[in-house]
Student: 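Sharing a structure here in structure tokens format.
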Amino acid sequence: MDYEEIESKWQAAWEDEAVFEPIPDQRQSYMVSSAFPYVNGPPHMGHVRTYGTADVLARYKRMRGFNVLFPMGYHVTGTPILAQSKRIKNKDPLLIKDLKKFGISDEDIGKMEDPLYLASYFIEAFRKAFRDLGLSIDWSRQLVSIDPKFSKFIEWQFSILSENGLLTKGKHPVGWCPNENNAIGMHDTKGDIEPEIEEMLGIKFRAENEDYNIVCATYRPETLYGVTNIFVKNGAQYVICEVNGERLCLSSMAADKLAYQTKVKVITEIDSAELLNKRYINPKTGTSIPALPGFFVDEAFGTGIVMSVPAHAPFDYTALLELKKSGYDAASKITPIKVIELEGAAKGKDIPSVAYIDVETTAGDPNMAAIEEATKNQYREELRSGTMLVGDYKGLRVKDARDRVWKDLIASNDAASIYVIANSAICRCSFSVVVKVVDDQWFLNYGDEKWKVKAREALKNVRILPEKLRPTFEGALEWINLRAVARSQGLGTVFPLDNTKIIESLSDSTIYMSLYTIWNLISEIESDKLTHEFFDYVYLGKGDAEAVSKATGIPYETIKRSRESFDYWYAFTSRHSGAELIFNHLIMYLFNHAVIFDEKYWPKQIAINGTVLSEGEKMSKSLGNTVDVKEAVGKHGADVTRFMVVCSADLFGDSEYNNDAAKGVKERFDYLDSIAGNLSLYATSELKHIDYWMYSKLNRKIITVTEATEKLELRTASTAVLYDAVIELKRYFLRGGNNQVVITEYLSALSLLLGPLTPHFSEELWHKTGNSTLVAREKWPAANQSMLSSKIEMEEEIIESLIDDSKHVLDLVRRKGTEPKEIKYIIASEYKYILNNELAKDRNVKRVMEMIKSGELENSYPIKFDIQKCMEFTSAMAKHINTVKSVETNPADEFDVLNDAKEYIGKETGCKITVEHEEGSGSSKASASTALKPGIEVI
RNA sequence: GCAGGGGUGGCAGAGUUUGGCCAAAUGCGACGGGCUUAGGACCCGUUUCCUUUGUGGAUGCGAGAGUUCAAAUCUCUCCCCCUGCACCA
């Protein structure tokens with residue numbers, strides 16, 4: 001098969017008939033949308049997964065009789081596109097190499113210094129790739145998130161949010177580059193690392209006889225009761241500065257960083273030596289403690305000063321050992337103070353930290369990694385199972401004590417929050433990222449209780465696929481609180497409440513899907529005519545069309561149709577994305593719909609798909625195993641690519657894309673195609689057993705595939721529709737099936753079932769089996785219940801298992817040196833079937849035995865029973881009572897089936913086959929027969 | 001740490017809601033055989049161990065304990081892995 005030819009043929013056919021550009025009609029609407037891609041690079045397999053899954057649903061629902069709209073747009077707002085252009089301008093060799101790999105010319109790369117050119121270039125790349133994949137997208141509604149009309153819409157959205165009191169202003173810590181002086185996100189750091197902001201507590205220790213406090217940064221204020229001394233970095237520069245009217249001492253580097261979080265005025269520099277000469281007062285216990293040099297202290301982290309808790313911190317303990325060893329007198333006088341008791345390794349130990357470190361090695365030559373590990377373990381265990389032994393929080397679990405000490409110390413002004421970057425992210429300009437506390441940050445208040453109530457309602461109403469992710473959504477819904485909504489840079493819509501800011505790019509894409517419903521209608525309208533009145537009318541039904549037309553200058557007809565179009569398409573929406581968007585986009589999507597739209601238009605379904613693996617590995621640039629969509633489609637064709645990426649796993653599982661698997665899929669297509677191409681080889685005749693079996697399998701398949709597709713369990717669907725189909729066809733032919741009508745009907749139905757998954761191949765198969773319409777417009781097949789027969793299927797299974805067993809026996813006979821010629825099958829007597837089914841009812845051997853003895857059995861069935869034989873059989877069955885199952889066949893059925901299959905079994909076993917009933921058989925194997933398992937005698 | 005999802009045979013991955021037709025679908029891989037000049041194509045068989053004129057037994061689904069006539073499936077405890085944790089698309 002020439003896939004390229006087939007694909008372009010059918011793509012052209014769909015386009016000619018504008019199959020995917022729907023307009024509202026009498027049918028029930030069904031709108032499918034996927035998160036629009038961010039176009040700072042070419043499409044990748046993740047996009048294929050999400051859009052491909054949405055396409056399967058769109059095509060399926062279309063076949064189910066819905067009027068389906070599947071639109072798409074492009075996300076351009078935010079900073080990544082700007083960052084990308086900037087990297088090109090700076091001739092970033094890595095990026096340029098990547099771009100070249102995708103076949104982008106030097107000239108185009110040069111032009112990409114212009115962010116808008118870069119965006120438009122990749123928009124085209126997406127459009128082409130998605131078209132080549134045969135996605136049933138309505139291209140007449142493409143929107144771009146920096147279109148002025150889009151901005152008008154976003155302004156309207158924010159006016160509503162503002163009217164509802166959901167925008168608030170406040171302080172907020174952000175990652176910040178001290179060099180470039182702006183906020184830093186993942187896309188702005190080396191290696192695309194998200195700067196990880198952590199909150200520490202800076203505890204103040206009064207320096208004796210001085211007017212300042214030193215500040216120790218800690219994650220564990222509850223250990224304040226166990227502090228024995230202070231550690232400073234020998235030789236580091238410290239400063240005394242004024243913060244909020246207080247004099248505080250910390251390292252010079254820490255002071256610089258703190259200046260981004262609060263007002264810091266350096267008064268004077270102070271040497272570490274001087275700090276080491278003083279004593280300090282523990283704010284909680286009032287104890288006076290010395291300062292010592294700590295080898296592990298990092299002057300750039302926290303405050304550059306550490307409170308030492310040797311009993312509970314391996315670093316502190318090790319440092320003291322080190323000092324003792326080098327004859328440091330003050331260190332020898334220190335005794336660790338235990339403040340937490342815990343279960344496990346350290347239970348009952350005077351110095352718990354000893355349980356976590358290997359004193360011999362750590363004390364000999366401090367092994368930072370080992371101590372780090374010990375610290376992690378001790379912190380974890382103490383948090384989990386520790387109990388406070390001393391102080392105001394005695395008896396409390398460490399977890400609870402920590403929260404309370406934290407709050408108490410802040411309340412009594414003995415401590416304050418300090419933010420740190422925990423993962424030492426570096427800006428692309430190679431400056432370390434710091435934490436800046438911004439005080440004029442606008443937030444969307446997702447913590448607003450009235451809003452949450454509505455969002456909960458919206459979540460209750462929406463169907464989540466897969467349903468097991470609902471708890472994740474519920475968690476996300478309760479967790480989301482303040483979300484910064486305006487940023488100082490990036491592309492996008494100007495923030496209405498502060499026009500020096502841009503609306504953050506996830507916040508401007510929460511309800512944009514509703515814009516698709518009217519985008520084609522307003523294409524000719526100038527953006528400034530799109531006033532709040534217009535959107536109020538279209539989306540909220542406020543006001544009347546005539547007045548809006550007068551006020552805006554937009555034609556009455558356009559306004560009216562926009563309202564109708566929105567009302568029609570938004571009646572049912574299905575939203576698709578990867579799991580990574582649950583905690584931001586999808587949850588914001590729910591919140592925004594809940595507060596802006598009438599309940600009627602709330603989301604009806606959300607589907608979350610997994611990722612795509614290559615040879616079992618996650619695709620990533622650093623591994624160099626990413627697959628270019630263009631290349632994949634060129635190599636394997638659209639259908640195979642779609643099939644692999646979209647169907648090789650159920651919805652939320654990770655699918656696997658690799659050449660071997662692609663080959664397997666292609667071979668099966670070819671197999672189906674070759675049968676469809678040779679239909680004339682088969683004649684039409686009366687239906688045989690195997691024909692009925694084929695029909696039963698087909699109708700069962702229709703049920704399976706329908707159920708699975710409804711839930712987007714596409715692996716299940718694809719297995720049934722491709723892999724199982726090939727197995728069934730092969731079996732059909734092997735069993736002597738050759739009926740043209742049956743084969744044609746089977747393949748025809750199969751091509752319809754393949755329609756959503758592999759649309760081009762499906763059309764091809766559909767036409768080869770004698771149809772002239774488009775699958776894309778066809779009706780989904782309905783299962784014919786009357787053709788389902790578990791009995792016939794069971795009978796086929798008997799043949800298969802009988803052949804298996806026979807081969808086993810033949811093998812054993814041959815091993816003994818005789819060459820078998822004939823196999824005799826002895827079908828069990830009817831009483832065995834009856835007893836089998838009686839036993840299967842409740843697996844109660846005693847009851848059945850009673851039936852036999854009391855004669856009840858005789859009364860219930862119209863045949864004679866030999867009590868002795870019945871008892872023997874029943875007790876034999878009792879041995880594996882757990883596996884007895886009821887059977888639908890009877891001896892006459894099995895006799896016919898085996899006789900009918902004689903030729904086939906003979907071919908498989910290489911023996912002459914005879915079949916007889918147990919009655920009057922005389923064979924030594926007759927008594928071994930049971931229902932579904934005839935006796936086997938090899939002669 | 002918090003929240004969520006998981007741990008099944010060489011691998012991938014069903015099965016868990018509704019306990020028993022589960023030594024566990026299906027696919028891949030490996031091995032043996034057939035077909036062939038040859039084969040990555042196709043067909044047959046094997047792929048936990050034992051037993052063997054078959055439809056039998058033992059062990060077994062992260063670890064341990066429990067409920068039950070019966071557990072991959074239910075309960076409890078523990079261990080481990082993955083994802084997200086915010087202004088960033």
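First the proteins, then the strands, lettered A, B, ... as listed; each starts at 1. In what follows, every heavy atom counts, from backbone to side chain, and hydrogens, waters and symmetry copies are set aside.
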Student: Taking the side chain of A/Thr930 as its heavy atoms from C-beta onward, which of B/U55, B/G54, B/A86 lies nearest to it?
Tutor: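 Given the options B/U55, B/G54, B/A86, the side chain of A/Thr930 is closest to B/U55.
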Student: Distance check needed: B/G54 C1' versus A/Tyr825 OH, whole Å only.
Tutor: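 That distance rounds to 11 Å.
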Student: Base, sugar-phosphate alone, or nothing: which one does A/Pro37 contact when heavy atoms must sit under 4.0 Å apart?
Tutor: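 Nothing: the residue A/Pro37, judged by heavy atoms under 4.0 Å, touches no strand.
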Student: Is the shortest side-chain heavy-atom distance between A/Leu757 and A/Val721 below 4.5 Å?
Tutor: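 A side-chain contact under 4.5 Å exists here.
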Student: Would you kindly compare A/Lys468 and A/Pro173 by the position of their nearest RNA chain B nucleotide and give the one closer to the 5′ end?
Tutor: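 In this pair, the answer is A/Lys468.
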Student: Compare the minimum distances between each of B/U55, B/C28, B/C87 and the side chain of A/Arg668, then state the nucleotide with the smallest one.
Tutor: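 Closest nucleotide among those given: B/C28.
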Student: Taking B/C85 as the reference, what is the distance to B/G15 when you measure between their P atoms (whole Å, please)?
Tutor: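 These two P atoms come out 29 Å apart once rounded.
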Student: Grab the CZ-P distance between A/Phe473 and B/U83 for me, whole Å please.
Tutor: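 Value for this atom pair: 19 Å.
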Student: Could you pick out which residue, A/Asn481 or A/Gly475, lies toward the 5' side of RNA chain B when each is mapped onto its nearest nucleotide?
Tutor: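 By nearest-heavy-atom nucleotide position, the 5'-most residue is A/Gly475.
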Student: Taking any strand in view, what nucleotide pairs with B/C78 in a Watson-Crick or G-U wobble way, both distances under 3.5 Å?
Tutor: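 In the structure as shown, B/C78 has B/G62 as its Watson-Crick or wobble partner.
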Student: What I'd like to find out is whether the side chain of A/Val485 reaches to under 4.5 Å of the side chain of A/Leu167, using heavy atoms alone.
Tutor: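 Sidechains of A/Leu167 and A/Val485: in contact.
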Student: Taking any heavy-atom pair under 4.0 Å as a contact, classify A/Val938: base, sugar-phosphate, or nothing.
Tutor: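 Result for A/Val938 = nothing.
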Student: Is the distance from the ring center of A/Tyr512 to that of A/Phe36 below 6.0 Å?
Tutor: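 They qualify: ring centres under 6.0 Å apart.
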Student: If we take the P atom in both B/A25 and B/U16, what is their distance in whole Å?
Tutor: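 Their P atoms lie roughly 15 Å apart.
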Student: Taking the minimum atom-to-atom distance to the side chain of A/Lys730, which one of B/G13, B/A86, B/C43 wins?
Tutor: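 So the side chain of A/Lys730 is nearest to B/C43.
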Student: When rounded to the nearest Å, what value does the distance between P atoms of B/A63 and B/A72 take?
Tutor: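 Looking at atom P only, B/A63 and B/A72 are 12 Å apart.
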Student: Identify which nucleotide among B/C87, B/G54, B/A86 has an atom closest to any side-chain atom of A/Phe443, counting heavy atoms from C-beta outward.
Tutor: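 Of the options given, the side chain of A/Phe443 lies nearest B/C87.
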Student: How far does the C1' atom of B/U68 sit from the matching atom of B/G62, given to the nearest Å?
Tutor: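 Result for the C1' pair: 23 Å, nearest Å.
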Student: Using side-chain heavy atoms (C-beta onward) and a distance below 4.5 Å, is A/Glu894 in contact with A/Glu795?
Tutor: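 Not in contact.
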Student: Given atom CD1 of A/Ile727 and atom C1' of B/C44, what is their separation to the nearest angstrom?
Tutor: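 So the two atoms are 15 Å apart, to the nearest Å.
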Student: Would you please indicate yes or no on a ring centroid separation below 6.0 angstrom for A/His576 and A/Tyr51?
Tutor: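 No: the rings miss the under 6.0 Å criterion.
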Student: Counting the atoms with a prime plus P, OP1 and OP2 as sugar-phosphate, which does A/Gly935 contact under 4.0 Å by heavy atoms, base, sugar-phosphate, or nothing?
Tutor: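 Base contact.
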Student: Can you measure A/Glu196 atom CD to B/U83 atom C1' for me and round it to whole angstrom units?
Tutor: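 Result: 14 Å.
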Student: Mark yes or no: A/Lys730 above the aromatic ring of A/Tyr671, with NZ or CZ under 6.0 Å from the six-membered ring centre and no more than 45 degrees from the axis.
Tutor: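 Flagged: A/Lys730 positioned over aromatic ring of A/Tyr671.
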Student: Determine which nucleotide pairs with B/G29, using a 3.5 Å limit on both distances of a Watson-Crick or G-U wobble pair.
Tutor: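 B/G29 is paired with B/U47.
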Student: Given the C1' atoms of B/A65 and B/G9, what is the spacing between them in whole Å?
Tutor: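 So the two C1' atoms sit 25 Å from each other.
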Student: For A/Arg668, does the CZ atom have more than 12 heavy-atom neighbours from other residues, nucleotides or ligands under 6.0 Å away?
Tutor: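 Counting neighbours around CZ of A/Arg668, more than 12 heavy atoms of other residues, nucleotides or ligands fall under 6.0 Å, so yes.
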Student: Under 3.5 Å for both donor-acceptor distances, Watson-Crick or wobble: does B/G39 have a partner, and if so which one?
Tutor: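 Checking every strand shown, B/G39 finds no partner, since no pair has both distances under 3.5 Å.
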Student: Any donor and acceptor pair, going by atom type alone, linking the side chain of A/Arg220 with main-chain N or O of A/His312 inside 3.5 Å?
Tutor: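 Yes, A/Arg220 side chain to A/His312 backbone: donor-acceptor pair under 3.5 Å.
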Student: Under 4.0 Å, heavy atoms only, any strand: does A/His75 hit a base, just the sugar-phosphate, or nothing?
Tutor: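 Sugar-phosphate, backbone atoms only, no base.
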Student: Say we look at B/A3 and B/G19: how far apart would their C1' atoms be, to the nearest angstrom?
Tutor: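 My reading of the C1' atoms in B/A3 and B/G19 gives 31 Å.
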Student: State which of B/G54, B/A12, B/G5 makes the closest approach to the side chain of A/Val809.
Tutor: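 My answer, after comparing the listed nucleotides, is B/G54.
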Student: Starting from P on B/C87, measure out to CG on A/Leu491 and report it in whole angstrom.
Tutor: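 About 19 Å, once rounded to whole Å.
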Student: Measure the distance from OH on A/Tyr723 to P on B/A14 and round it to the nearest whole Å.
Tutor: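 In whole Å, B/A14 P lies 14 Å from A/Tyr723 OH.
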Student: Looking at B/G54, B/A41, B/G84, which one has an atom nearest to any side-chain atom of A/Glu667?
Tutor: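 Of B/G54, B/A41, B/G84, B/A41 is nearest to the side chain of A/Glu667.
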Student: Looking only at atom C1', what distance separates B/G57 and B/U52, rounded to whole Å?
Tutor: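 About 11 Å, rounded to a whole number of Å.
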Student: Do the side-chain N or O atoms of A/Lys663 get closer than 4.0 angstrom to the phosphate oxygens (OP1, OP2) of B/C28?
Tutor: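 For A/Lys663, the contact criterion (side-chain N or O under 4.0 Å from OP1 or OP2 of B/C28) is not met.
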Student: Please state how far atom CZ in A/Arg470 lies from atom C1' in B/A3, giving the value in whole angstrom units.
Tutor: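 Between C1' of B/A3 and CZ of A/Arg470: 17 Å.
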Student: Could you check which nucleotide pairs with B/U83 in any of the strands shown, counting Watson-Crick or G-U wobble with both distances under 3.5 Å?
Tutor: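 Its partner is B/A3.
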Student: Rounded to the nearest angstrom, tell me the gap between atom CG in A/Leu802 and atom C1' in B/G54.
Tutor: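 Value for this atom pair: 10 Å.
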Student: Side chain of A/Glu504: nearest nucleotide among B/U55, B/G4, B/C87?
Tutor: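 Of the candidates, B/C87 comes closest.
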Student: Could you work out the separation of B/U73 and B/U77 based on their P atoms and round it to a whole Å?
Tutor: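 Here B/U73 and B/U77 have their P atoms 16 Å from each other.
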